[in-house]
Structure formats: structure tokens, C-alpha cells
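Heads up: the structure comes next, in C-alpha cells.
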Amino acid sequence: MMKALIYINGIHALPTGFKKDKTLKTEIVENPYDLRELMKLDPESEKIIVAYLPFLEVRHYELYRHLQKNTANLKIFFIVSELSSTMRIRLKADNDFVVMWKTEEGNIVRNIHKYLDGKNVESRQDRREHATSKGLVSPSKLPLGNQNKGFQPILGGSFENLSPHGSCMKIQAPFYEHKDFVNLTYQNKEGDFVSLEGQVRWAKWNKETNTQELGVQFLSSVVV
């Protein structure tokens with residue numbers, strides 16, 4: 001596979017994930033307006049801009065929008081800390097961008113590879129907060145998913161992050177698969193225990209930590 005050209009703007013040091021990945025040719029560009037000239041180079045190569053922005057301002061949005069619409073083989077990933085309601089609307093309407101929250105920047109290299117492999121990379125409309133509380137996951141009383149096993153215990157787990165509409169969590173055994181329905185119980189910031197239904201959107205086994213990682217979409221909005 002041809003190496004993709006990755007241009008990173010908004011930070012001064014290369015993140016660890018990019019340092020380890022030798023299939024991506026990565027360059028930090030401190031001034032976003034320098035990107036205009038860089039986009040004219042090597043027009044046949046796959047190019048990705050990763051823009052780290054505390055606040056995505058209109059002037060930057062217009063710059064990146066112009067670059068993406070006028071450069072062949074270019075995709076722009078935003079990693080943001082905050083988004084105004086106006087900017088959320090504009091990004092939702094202009095869904096050629098990929099928007100990630102600062103709390104999930106550790107997934108940026110994996111998402112870039114998903115994009116390069118032709119897979120869909122979802123933008124996040126809700127900010128995902130780092131979560132320190134532990135949780136319990138058990139089979140839902142809703143209809144089972146396609147791969148639910150006959151018996152599944154109640155398992156303790158830990159949340160990597162939590163948003164009003166979903167979570168990524170880890171458990172100590174590979175019991176759940178895509179489309180399974182689950183019940184999650186956790187303690188919120190006020191100390192109250194919350195129980196809710198969700199569906200597994202993706203699941204994978206992490207050999208390094210011996211944990212199953214689950215991406216769960218809640219079936220109703222919750223207060224983080």
C-alpha cells in the first residue's frame with residue numbers, strides 16, 4: 001500500500017501513535033495557512049490533515065473546507081476540545097469531515113487506517129468524557145442479539161469514556177459480540193447508580209491487556 005501523507009496542525013510534537021506507525025509519512029505543519037502550498041505537492045498521493053483545535057473557529061473551518069474541496073485525495077480529521085452549536089450544525093451538514101473529541105485522540109491512527117481501508121469512520125456529535133467509575137455489564141432483558149450465548153454472567157468493567165449516547169468499556173472476558181443487547185450499571189458524578197440498556201456496536205479482544213473492549217450505544221440519552 002502506498003504510504004499516505006499525514007499533515008498535523010495544532011500541536012508541536014508528534015503523538016506516540018504516529019511515531020510507532022511506519023506506514024504513515026507524517027509531518028507537523030505549525031501554520032495552517034502553509035497547508036495551501038503543501039496540498040499542491042504530490043497530487044497523486046493520499047493525503048490526510050489532522051487538525052488539533054481547542055476551538056474550531058469559522059476562519060479555520062473555511063480554510064480546511066476550501067482545502068478539502070479543492071484537493072484530490074484529501075481527508076481532514078478534526079480533533080477538538082469544544083464545539084459551538086453553530087459549528088456543530090455546519091460540521092453535521094458538511095459531513096465530509098471526520099470530527100473526534102480530544103478525549104478519544106488515542107484512536108486517531110486506528111481511524112486513519114480505517115479510512116484508508118475504505119471503512120466508514122463516524123464523527124462524534126457528543127463529547128466523550130474520561131470516566132473513572134467502574135461499571136457492571138450483564139445480558140439485557142431486551143431481545144438478544146445475533147450472537148448472544150445461552151449464558152452470560154454479570155461482569156465488572158471499566159469505562160474508558162462516557163457520553164450521553166454511548167461508551168467504550170473494558171471487561172475481563174470475551175462474552176459479547178456485535179449487535180448484542182446489554183444492561184449497564186454505573187455510578188454517576190452525583191453518586192447515584194444508573195442502569196440503562198445498550199447495544200454493542202463493536203467488540204474486540206485486546207491481547208496485551210487480556211480484556212474485551214466494547215463500543216456500546218445507549219438506547220436512550222443519559223446524563224453523564
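We count residues from 1, following the sequence as given. Atoms considered below: every heavy atom in the structure, side chains included; atoms not considered: hydrogens, waters and symmetry mates. Computed from a predicted model, the values in this text were never measured in an experiment.
- Remark: of the listed residues Ile11, Val80, Asn9, Ile11 is the sole one forming a side-chain contact (heavy atoms from CB on, under 4.5 Å) with Tyr52.
- Taking the six-membered ring where the residue is Trp, Phe97 and Phe78 present tilted rings, their angle falling between 30° and 60°.
- Residues Tyr176 and Val216 form no side-chain contact, since every pair of their non-hydrogen atoms from C-beta on lies 4.5 Å or further apart.
- Using a 4.5 Å heavy-atom cutoff, the side chains of Val109 and Lys20 are not in contact.
- Scored by the salt bridge (charged side-chain N to carboxylate O under 4.0 Å, His left out) test, Glu62 finds Arg90 as partners (sequence neighbours excluded).
- By the side chain to side chain contact (heavy atoms under 4.5 Å, CB included) test, Lys204 is found to be paired with Arg110, Trp202, Glu213, residues two or more places apart in sequence or in another chain being considered.
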Carefully, step by step, assess Asn111 and Val98 under the rule side-chain contact (heavy atoms from CB on, under 4.5 Å).
CA-CA 9 Å; Asn111 281 350; Val98 175; 5.5 Å; no
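- The closest side-chain heavy-atom distance from His12 to Glu30 is below 4.5 Å.
- Residue Lys102 comes nearest to Ile79 through the heavy atom pair CA-CG2, 3.9 Å, listed as atom of the first residue, atom of the second, then distance.
- Taking 4.5 Å as the limit, every side-chain heavy atom of Thr26 sits out of range of all side-chain heavy atoms of Lys19.
- When hydrophobic clusters are built by joining Ile, Leu, Val, Met, Phe, Trp and Tyr residues whose side-chain heavy atoms come closer than 4.5 Å, directly or via intermediates, Phe55 is not grouped with Val99.
- Ile8 places a side-chain heavy atom less than 4.5 Å from the side chain of Pro15.
- With sequence neighbours left out, the side chain to side chain contact (heavy atoms under 4.5 Å, CB included) criterion links Asn70 to His66.
- Here CE of Met100 is found 8.0 Å from CZ of Phe77. Values are rounded to the nearest 0.5 Å.
- Not counting sequence neighbours, the partners of Lys207 by the side chain to side chain contact (heavy atoms under 4.5 Å, CB included) test are Trp205.
- Leu38 meets the side chain to side chain contact (heavy atoms under 4.5 Å, CB included) test with Tyr7, Glu27, Val29, Leu35, Leu41; sequence neighbours excluded.
- Taking 4.5 Å as the limit, some side-chain heavy atom of Leu63 sits within range of a side-chain heavy atom of Pro32.
- The backbone N or O of Tyr33 sits less than 3.5 Å from a side-chain atom of Asn31, completing a donor-acceptor pair.
- Of the possible donor and acceptor atoms, one in the side chain of Gln68 sits under 3.5 Å from a partner among the backbone N and O of Ile76.
- Judged by distance alone, the side chain of Lys75 and the main-chain N or O of Leu116 form no donor-acceptor pair under 3.5 Å.
- Looking at residues two or more places apart in sequence or on another chain, you find no salt bridge (charged side-chain N to carboxylate O under 4.0 Å, His left out) involving Glu208.
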